[in-house]
There are 2 protein chains.
Amino acid sequence: MYKFAGKKNNYMNIQCDKCVIRELNSLHSISSEEMNSVTKNKTTLHIKRGEVIFSEGSSLKGVYCLRNGKCKLTKLAPNGKEQIVRFIKKGELVGHRSVISNSVAHLTVTALEEMDVCFIPKLEILELFRTNSDFSMEITKSLAEDLDEANTSIANMAQKNVRERLAESLLFFEKIFGIDNEGFISVNLTREEIANAIGTATESTIRLLSEFKKEGYITLAGKKIKLKDKVKLKHLTEGY
Amino acid sequence: MYKFAGKKNNYMNIQCDKCVIRELNSLHSISSEEMNSVTKNKTTLHIKRGEVIFSEGSSLKGVYCLRNGKCKLTKLAPNGKEQIVRFIKKGELVGHRSVISNSVAHLTVTALEEMDVCFIPKLEILELFRTNSDFSMEITKSLAEDLDEANTSIANMAQKNVRERLAESLLFFEKIFGIDNEGFISVNLTREEIANAIGTATESTIRLLSEFKKEGYITLAGKKIKLKDKVKLKHLTEGY
DNA sequence: ATTAAAAACTGATAAATATCATATTTTGTA
DNA sequence: TACAAAATATGATATTTATCAGTTTTTAAT
């Protein structure tokens with residue numbers, strides 16, 4: 001079962017205006033006065049791989065700003081399988097959808113590695129949204145972008161086969177997570193998690209990865225994956 | 001190829017505050033003064049089945065408010081097939097995503113039947129967004145809702161098989177479009193369109209509809225569909 | 001009312017994918 | 001370091017779904 005992230009300590013309550021990731025999300029549009037208020041009211045959490053930041057059905061008391069690390073957003077299907085709907089990394093906000101629409105969380109957010117996350121109370125966010133139209137515009141734009149990506153995802157799921165989706169995902173993983181100094185994709189995903197993202201059986205994912213390796217498009221080292229022939233992978237995403 | 005809706009006539013330039021659908025979308029939160037401005041600047045279009053309101057890649061000069069009728073939102077996949085991402089009906093807005101994020105349209109909107117559509121210029125909408133925080137909140141909430149539905153759709157596409165998705169879609173069609181006086185679902189969709197919505201081959205859709213009929217869950221009369229056993233269909237969506 | 005085009009339908013077959021069973025490897029931790 | 005648990009891997013088989021080819025029915029335009 002889930003391990004919940006419980007350690008709410010303020011030991012790292014860095015001022016937001018000194019935070020490196022500030023520029024990366026909607027918070028970049030707030031004034032220094034507003035920033036001070038956020039700094040005062042936020043708390044910082046340290047979270048380990050596999051821990052849940054919040055889960056589907058829970059009611060959120062604020063939004064989370066990711067200082068570093070990566071996580072997955074999942075949805076539980078009626079068959080009990082978890083669908084990974086999206087990946088999120090350093091600099092992004094989570095929970096703003098629930099806070100804005102004043103509803104329960106519809107996704108579960110789970111850390112894929114150690115991460116530091118700042119919790120900003122609901123009131124703080126709603127007040128910013130109401131009084132700072134740059135901020136509300138930013139939040140709205142970010143939802144609009146998410147919606148657009150989700151629509152693309154629907155089309156991919158519906159129109160592409162598993163092989164095409166896997167190729168697509170590998171390129172996507174490298175693009176958003178980058179590579180380590182040996183050239184491997186910088187994210188720690190199990191085969192099952194990859195399967196849950198592309199919507200297939202774990203065995204199919206494993207088999208296709210082996211095929212991609214055999215055909216020379218990727219290198220596998222344990223669970224680490226290196227892309228060797230991105231041009232070919234790009235072609236594979238469109239089925240040739 | 002597409003037939004574009006070109007007839008921009010003002011013959012039906014009804015005042016927005018008298019419009020029946022006003023209560024149904026984000027515009028319900030605007031003042032009567034603001035409403036007057038919208039009335040003055042909007043134009044009304046009459047559109048026939050199959051005509052395109054706007055298409056993927058085009059840059060929008062405003063948003064469209066659906067006075068009546070139904071339409072489909074589609075996305076062109078690289079394989080040339082069209083994916084229906086969503087259905088929209090009377091009372092809803094389209095194009096606000098593009099206008100808010102100041103980007104090109106990422107979807108094509110096509111009428112499924114005769115419809116009247118009001119066009120509201122971009123400036124009008126952006127001004128409302130900037131100055132009326134109730135309106136911006138409504139727009140944002142509606143994007144948040146769309147996003148949530150899109151995520152559910154991703155999970156359904158990924159986790160459910162074609163039979164389950166078809167059962168789900170039939171129930172969904174009846175729910176959002178209602179039924180006529182003989183009990184048939186009130187929307188005119190070809191088998192191909194249904195297939196494009198659930199992400200399968202047209203033949204598979206036809207075959208499964210025949211099976212559902214043979215098994216007594218639905219009635220078919222031409223392209224019209226009546227749901228006979230909704231409890232069973234509900235069970236089918238979860239695979240039993 | 002006639003007729004051409006589009007849509008719906010059906011069957012046969014191929015291809016893709018899931019499932020089950022089991023072996024091997026890796027990982028985390030005592 | 002050892003060992004149990006988890007993850008990865010592979011083969012055999014069943015199931016689902018797509019594709020192709022053709023027929024019938026419906027629709028819309030003249």
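Each chain gets a letter, A, B and so on, in the order the sequences are listed, and its residues count up from 1.
When the nucleotides C/dT17, C/dA8, D/dT16 are ranked by their closest atom to the side chain of B/Asn161, D/dT16 comes out on top. For A/Thr190, the listed nucleotide lying nearest its side chain is D/dT8; candidates were D/dT8, C/dA8, C/dA18. Here the nucleotide nearest the side chain of A/Glu203, chosen from D/dT10, C/dA7, C/dT10, is D/dT10.
Between the side chain of A/Arg165 and the main chain of A/Ile198, a donor-acceptor pair closer than 3.5 Å is present. Under a 3.5 Å cut-off, the side chain of B/Glu174 and the backbone N or O of B/Leu171 do not form any donor-acceptor pair.
Remark: the A/Arg207 side chain and the C/dT19 base include a donor-acceptor N/O pair separated by less than 3.5 Å.
When heavy atoms are screened at a 4.0 angstrom cut-off, A/Ser210 is found touching the sugar-phosphate backbone but no base atom.
Across the protein-nucleic acid pair, A/Arg163 atom CZ and C/dT17 atom C1' stand 13 Å apart, rounded to whole Å. For A/Ile206 and C/dT19, the CD1 to P distance is 14 Å, given to the nearest whole Å. For the pair B/Glu192 CD and D/dT26 C1', the interatomic distance rounds to 16 Å; values are reported in whole Å. Separating the CD atom of A/Glu211 from the C1' atom of D/dT10 is a distance of 12 Å, rounded to the nearest angstrom. Distance NZ (A/Lys48) to C1' (C/dT29): 14 Å, rounded to an integer number of Å. For the pair B/Asn188 CG and D/dA28 P, the computed distance is 8 Å after rounding to whole Å. At whole-Å resolution of the value, CG in A/Leu189 and P in C/dT27 are 15 Å apart. The interatomic distance linking A/Glu193 (CD) with D/dA6 (P) rounds to 15 Å, in whole Å.
Taking the six-membered ring where tryptophan is involved, the planes of A/Phe173 and A/Phe87 are perpendicular, since the angle between them exceeds 60° and thus also 30°.
The 5' end of DNA chain C is approached more closely, in terms of each residue's nearest nucleotide, by B/Arg191 than by the other of B/Arg191 and A/Leu208. Comparing A/Lys223 and A/Lys160 by the nucleotide of DNA chain C that holds the closest heavy atom to each, the one mapping nearer the 5' end is A/Lys160.
Of all heavy-atom pairs between B/Glu164 and B/Leu236, the closest is CG-O, 3.2 Å.
Side chain to side chain, A/Ser101 and A/Arg97 meet the donor-acceptor criterion of an N or O pair below 3.5 Å.
An OP1 or OP2 oxygen of C/dA18 is reached within less than 4.0 angstrom by a side-chain nitrogen or oxygen of A/Ser204.
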